Amino acid sequence: VSTSFQRDLVSLVPKLRRFALSLTGNAADGDDLVQSACEKALRNQAQFQSGTRMDSWMYRIVQTLWLDDLRKRRVRGPSLDPDDHDIGDEGKGARLAEDRMMLASTAAAMATLPEPQRVVLSLVAVEGLSYKEAADVLEVPVGTVMSRLSRAREALLPQLGMSRGGRQ
Amino acid sequence: MMTVMDKDRLAAFVDGELSPEEAAAVVLHLADTPVDQAYVDDLFAANEALAQAFGAPLSEPVPEAIHAAIMGPSAATNVVAFRPRRALARSCCPVCCRPPRPQALLWGRCRPGRLLRKCWTHARPARR
């Protein structure tokens, strides 16, 4: 018999995996991260205040665990071999080669960003959170979210081949 | 005389952080400031590239190991593929939902309250 907490958590997994993938840059590390985060969430279930947003709470757990993990053992960086990105990906080898190349190059660009900037950019650009929601997840002021975002884009746009505008 | 707009404000526009009135003012500004329009196009394109590059998990089933970690191993016998529908990415004029200006890149998502690219009719104030 599953609780509604468990069911809600399962339904968040696709978004958490996307978030974790954007942080770690590869599917295997991302899934490890999501699994640890879910285990931690279950252990700390009592700390979750029902009525508050579970997704924000889970994003916070994922990014905290990721930063802890990096600090503990500077994990291997995102692999540049696109084939590695399909490990642990449930037979999704069917994904187009172009998609894998795009993941590899975007992940490599993301990997050059300092971690706090990467987290903010993921939450806003990938997960679609508002600045306020991202600030709540990270427990920082909205101004901090904006400045990290702006620095992240400053560094990332040229790497993605997007700085035609001349506004640099 | 062309005056550029603060980059944070342009970013806030792209991220859907502005009120409809504020966003409308940015749209008018962009119509007269190609350099800022190009920057906004870059920001939309970057957001889209990021969302696409990391988007695969949204159309994949929950991996068994994660499902089992949450539900307990006994519940893992019948893992149902969870396929949330991806938000329909489209780009259209928020006023009339027609395609945007021809030279505009097709980036960004159209949602209520989120002012994106306008079509020719609505992108500029009426000229006499």
Side-chain angles (χ1 to χ4, degrees), chain A residues 1-2 6-7 9-11 13-22 25 27 30-32 34-36 38-39 41-42 85 88-90 92 95 99 102-107 109-110 121-122 124-128 130-132 146-147 149-150 153-154 156-157 160 162-168, chain B residues 4-12 14-18 33-72 74-75 79-87 105 107 109 111 114:
Chain A
V1 182
S2 58
Q6 286 169 304
R7 286 192 297 275
L9 194 51
V10 168
S11 71
V13 167
K15 280 162 75 177
L16 298 177
R17 289 182 72 220
R18 176 175 63 177
F19 179 50
L21 177 61
S22 70
D31 282 352
D32 286 350
V34 170
Q35 184 164 340
S36 312
C38 290
E39 284 161 358
L42 287 165
H85 293 295
D89 160 336
E90 303 275 303
K92 286 295 153 301
R95 198 158 50 185
D99 287 356
M102 186 174 176
L103 170 60
S105 61
T106 313
M110 281 287 266
L121 190 62
S122 286
V124 173
V126 181
E127 297 306 316
S130 70
Y131 295 174
K132 175 75 173 65
M146 289 177 70
S147 63
L149 200 53
S150 143
R153 283 174 164 149
E154 205 83 42
L156 199 78
L157 256 55
L160 294 178
M162 292 158 192
S163 47
R164 310 164 296 127
R167 282 225 50 186
Q168 287 307 320
Chain B
V4 295
M5 193 176 264
D6 177 53
K7 282 168 102 173
D8 280 348
R9 189 159 188 83
L10 295 175
V14 168
D15 293 326
E17 291 286 320
L18 302 183
T33 320
V35 65
D36 280 357
Q37 177 71 65
Y39 183 66
V40 162
D41 287 343
D42 286 344
L43 292 180
F44 273 122
N47 276 2
E48 187 64 20
L50 290 169
Q52 242 178 47
F54 303 115
L58 281 202
S59 54
E60 292 169 3
V62 173
E64 261 178 63
I66 295 176
H67 192 273
I70 297 171
M71 297 304 236
S74 57
V79 178
V80 180
F82 182 82
R83 285 181 176 274
R85 203 177 308 164
R86 216 188 146 170
L105 284 173
W107 297 122
R109 298 194 175 95
R111 307 187 208 139
R114 188 156 184 187

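All heavy atoms count here, side chains included; hydrogens, waters and symmetry mates do not. All values reported here derive from a predicted model rather than from experimental measurement. Residue numbers begin at 1 in each chain, while the letters A, B, ... track the order of the sequences.
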task = Would you please name every residue forming a salt bridge (charged side-chain N to carboxylate O under 4.0 Å, His left out) with B:E17, sequence neighbours left out?
result = none
query = With a 4.5 angstrom heavy-atom cut-off, which part of A:L16 approaches chain B: side chain, backbone, both or neither?
reply = neither
note = Counting heavy-atom pairs under 4.5 angstrom with chain B, the leader among A:S105, A:S150, A:S130, A:A41 is A:S130
key: Residue pair A:D31 / A:Q35, side-chain donor-acceptor N/O under 3.5 Å   = no
Pairs of heavy atoms under 4.5 Å with chain B: top-ranked of A:V124, A:L156, A:L9 = A:L9
request  = Under 4.5 Å heavy-atom distance to chain B, tell me which part of A:L42 shows up: side chain, backbone, both or neither.
outcome  = side chain
key: Side-chain (A:Q6) to main-chain (B:I70) donor-acceptor, under 3.5 angstrom   = yes
message = Under a 3.5 Å distance rule, please check whether A:E39 uses its side chain to pair with a backbone N or O of B:A69 as donor and acceptor.
response = no
